[in-house]
> 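Let me begin by handing over the structure; questions about it come next.
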Amino acid sequence: MGTCPKQTGAGLTSSTLLLLLVAITVTGFFLGRRRAVALAGAGGGIRSLHSLPGHYGLFAAIWAGIPAVLMIFLWQSLESSVVTDLVIRDLPAEIRSLPDARVGLFMNDVKNLVAGNIISDELTPEIRQAADHLERLTLLSGWARTILAAALAGLGLVLAWRLIRPELRARNRVESVVKGFLIACSTIAIFTTVGIVFSVLFESARFFKSVPITEFLFGLEWSPQIAIRADQVGSSGAFGAVPLFAGTMLIALIAMLVAAPIGLMTAVYLAEYAPRQFRSVAKPLLEILAGIPTVVYGFFAALVVAPEIRGLGESLGLSVASESALAAGLVMGIMIIPFVSSLSDDVINAVPQAMRDGALALGATKSETVKQVVFPAALPGIVGGLLLAVSRAIGETMIVVMAAGLAANLTANPLEAVTTVTVQIVTLLVGDQEFDSPKTLAAFALGLILFVFTLALNAIALRVVKKYREQYE
Amino acid sequence: MEANPMTQDIRPEITPEPPAPREAASAAMSEARSAEVPDTTFGVIEHPDPIINCRDVNVFYGDKQAVFDVNLDIGRHQVISMIGPSGCGKSTFLRCLNRMNDTIDIARVTGTIELDGQNIYDPKIDVVPLRARVGMVFQKPNPFPKSIYDNVAYGPRIHGLAKDKVELDEIVRTSLERAGLLGEVKDRLDQPGTGLSGGQQQRLCIARAIAVSPDVILMDEPCSALDPIATAKIEDLIDELRENYTICIVTHSMQQAARVSQRTAYFHLGYLVEVGETDKIFTNPTHKLTEDYITGRFG
């Protein structure tokens, strides 16, 4: 988190430099193309070239642009630390012998001075001197970067110019660069995921140093309070996550009890019985349900459904908490209906018409065909879709935050308030807290559990769906 | 209705191919041997002991007409084959015989098709018992993703043909035996039907169809997805099944039609051009189109 020194006149600014490089690259394209055409004109026309003239142009543009851009990125990422190191090396010995943290503070002051900000300490000659040094180095670095980049671009252009011959396989070279670029893009997403997994993993490991993993996984009490002073009431927090798992499962179960039958019946109707016009209207409408933001479902659950259920419960003589698992689960179920129905509809449609014909030709009625042939044939795919819906329900946050409450009750009663893993992650990280207290780190541990669980569900679901696909192909 | 060859009225809207050059044809023959679709079917459409009588059958898919005025009797305990180039309406016509075209929204059938004197397109008729009487075997084997036993038992179960497990076992056993499959599968009746080879699957589908003891079995190119050995087995089977069932088979193989059927109907562009004893059709066809087709001049 380096405070970057202000670049007052240090060479060209990054954006100007990039513009310059773009200009050189575009020039490179036209030069390369013209060179190829000229070479071809000398010996037998365009067809004597291995590739199209445009490929030679791109070849030259790549040579002009890519090395320079790579160099700039490298420079940018190293500049700050290299310059700081150089300044530190030239500090007076008594400052260098201070502990690292103090040196860091000193350097921060130096950087602030250069940037024209207020510094924390009084302005000593050492700071002034170091600041001058830093400013000089930064200026130098800026110019060096500009000149180096321009030189690299020019050199690349000259090299490409000399490489271009009719027999040069420009197309193959260009295509391999494009392929490399595609690979780089696709790895970004993968590396981001891997990065997230590792950060969650390491933070969880820190959490498990202060709270044993067995206590976390099997403890029955959840009250993630860490006292600031040792003599405070309730100074020891309890990190047993079982009530959270139970609450999550309870709400997901209620949601699936709503979504699975309604979604499946919808899918069967849409896929097997509905006239085409009805289907073409109903399916997009259902998918709009999936497009409603979950926060809207959330306040619908909290402000409409929960009081409704409470009133209903009271009229039956039941005591219902104002925030109940039932309200959250019901609304979450509504939310994932389109998910279930859309996936199941696809799966049912994928059952070959030959299956239906086979049953109908034996004199089966439409409903016998659906029940005994189409549905069993689609079942593996439907199960896969349901598992995906479960993982969606487990990961859902907004509805439960608003409608299920925060109390970590270990209960199977849907009329009581429960809390879920996702809700606790939210409450642990909302507000001010230290980033190394078990309270905060617990969020990472919960996130890890959630991640492992949904990953496993998705993996099973995808396998099931794939196996089903193979059956008919 | 007399099936006189009369071709003076040439349909203006259908001019499929330019008439093929004729080598040696007498002046008298030349009219009868026109390469246009005839107004009335050539040959003998009647049969002394018919199980199905089709009269003026037209089939439309939306605005497009696929089958035109077909008149045909199908004889009891006989094999009748329907041949013709692709898109000639033979499969469409076959699917009319057990109202499988009902499953296609835009399909519409006019005319009468009588099964033992009862019009199957009568609004009072329920398709479920009809299809139990007129079974069907499809081009691609389509066993259900169930066990071999359950595949065959499916029909008897939905129609309640067996009082108990013993009777059901017996039906399954005899059906598989008649389909010539029992020997190959009797030790693995609980295995999935989809695990069998293509030819075995098709015989399983035949066993499934005969398990409900239909009167008529419709076969829509039952061997087109099979190799010659499996095809030979199915053909032998068809020949044996003729004793107890009436079989209508659509095929692209003229050799197959010649081998398995007693009567042959030749379709062209939605018209039934000629029908007659198989021997007659293949040795001495009356109509020019039939001759061109069976001699491989087109198709």
Side-chain angles (χ1 to χ4, degrees), chain A residues 264 268-283 344-385 463-473, chain B residues 94-95 97-106 126-147 150-161 175 192-195 201-202 204-214 216-220 225:
Chain A
L264 284 183
V268 167
Y269 176 71
L270 283 183
E272 295 291 328
Y273 293 96
R276 209 178 322 161
Q277 295 95 328
F278 180 79
R279 193 182 140 86
S280 65
V281 175
K283 222 183 160 195
S344 311
D345 179 67
D346 290 346
V347 172
I348 292 173
N349 268 325
V351 173
Q353 183 60 30
M355 289 292 131
R356 298 183 184 90
D357 284 351
L360 291 173
L362 286 171
T365 64
K366 182 110 188 168
S367 110
E368 282 166 344
T369 306
V370 171
K371 270 187 301 197
Q372 296 160 3
V373 175
V374 177
F375 200 75
L379 195 60
I382 289 172
V383 169
R463 270 190 83 109
V464 170
V465 171
K466 193 167 158 230
K467 202 169 165 193
Y468 158 77
R469 292 245 164 85
E470 280 164 1
Q471 208 175 331
Y472 292 115
E473 279 165 9
Chain B
L94 188 78
R95 290 167 64 93
L97 300 180
N98 67 343
R99 291 182 57 176
M100 278 306 279
N101 283 331
D102 290 13
T103 63
I104 301 165
D105 289 341
I106 56 168
D126 185 6
V127 293
V128 168
L130 166 70
R131 288 182 188 150
R133 284 190 64 191
V134 185
M136 188 156 189
V137 174
F138 296 85
Q139 184 171 1
K140 243 180 92 187
N142 58 348
F144 303 133
K146 300 169 184 283
S147 71
D150 286 338
N151 260 286
V152 182
Y154 184 77
R157 274 186 183 137
I158 57 175
H159 295 297
L161 299 184
S175 303
T194 43
Q201 286 189 14
Q202 195 62 297
L204 177 62
C205 292
I206 293 174
R208 188 175 71 183
I210 58 187
V212 290
S213 24
V216 183
I217 303 175
L218 311 176
M219 297 187 174
D220 189 357

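Quick caveat, the model's predicted, so the values are computed rather than measured. Residue numbering restarts at 1 for every chain, and letters A, B, ... go by the order of the sequence lines.
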> For chain B, find which of Pro376(A), Pro275(A), Ala359(A) contributes the most heavy-atom pairs closer than 4.5 angstrom.
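Option with the top pair count is Ala359(A).
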> Is Asp346(A) paired with Lys283(A) through a side-chain N to carboxylate O contact shorter than 4.0 Å?
yes
> Is Val128(B) close to chain A through its backbone or its side chain, or both, or neither, when contacts mean heavy atoms under 4.5 Å?
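When you check distances to chain A, atoms from both the backbone and side chain of Val128(B) fall under 4.5 Å.
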> Got a donor-acceptor contact below 3.5 angstrom from the Gln201(B) side chain to the Asn142(B) backbone?
no
> How many angstroms lie between atom CZ of Arg208(B) and atom CD of Gln202(B), to the nearest 0.5 angstrom?
9.0 Å
> For the aromatic rings, using the six-membered ring if either is Trp, is the centroid distance between Tyr269(A) and Phe278(A) under 6.0 Å?
yes
> What part of Arg95(B) lies closer than 4.5 angstrom to a heavy atom of chain A: side chain, backbone, both or neither?
side chain
> Which atoms of Arg356(A) come close to chain B, meaning under 4.5 Å heavy atom to heavy atom: side chain ones, backbone ones, both, or neither?
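For Arg356(A), there is no contact with chain B at all, as no heavy atom is under 4.5 Å.
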> Checking Pro141(B) against chain A: side chain, backbone, both or neither under 4.5 Å from a heavy atom?
neither
> Under 4.5 Å from any heavy atom of chain A, what part of Asp102(B) do you find: side chain, backbone, both or neither?
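Neither the backbone nor the side chain of Asp102(B) comes within 4.5 Å of chain A.
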> Using a 3.5 Å distance criterion without hydrogens, assess whether the side chain of Lys366(A) forms a donor-acceptor pair with backbone atoms of Glu272(A).
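Here the side-chain-to-backbone pair exists.
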> Side chain of Asn151(B), backbone of Phe144(B): donor and acceptor closer than 3.5 Å?
yes
> Between Met100(B), Met136(B), Gln139(B), which residue shows the highest count of heavy-atom pairs closer than 4.5 Å to chain A?
Met100(B)
> Val134(B) versus chain A, heavy atoms under 4.5 Å apart: side chain, backbone, both or neither?
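Backbone only.
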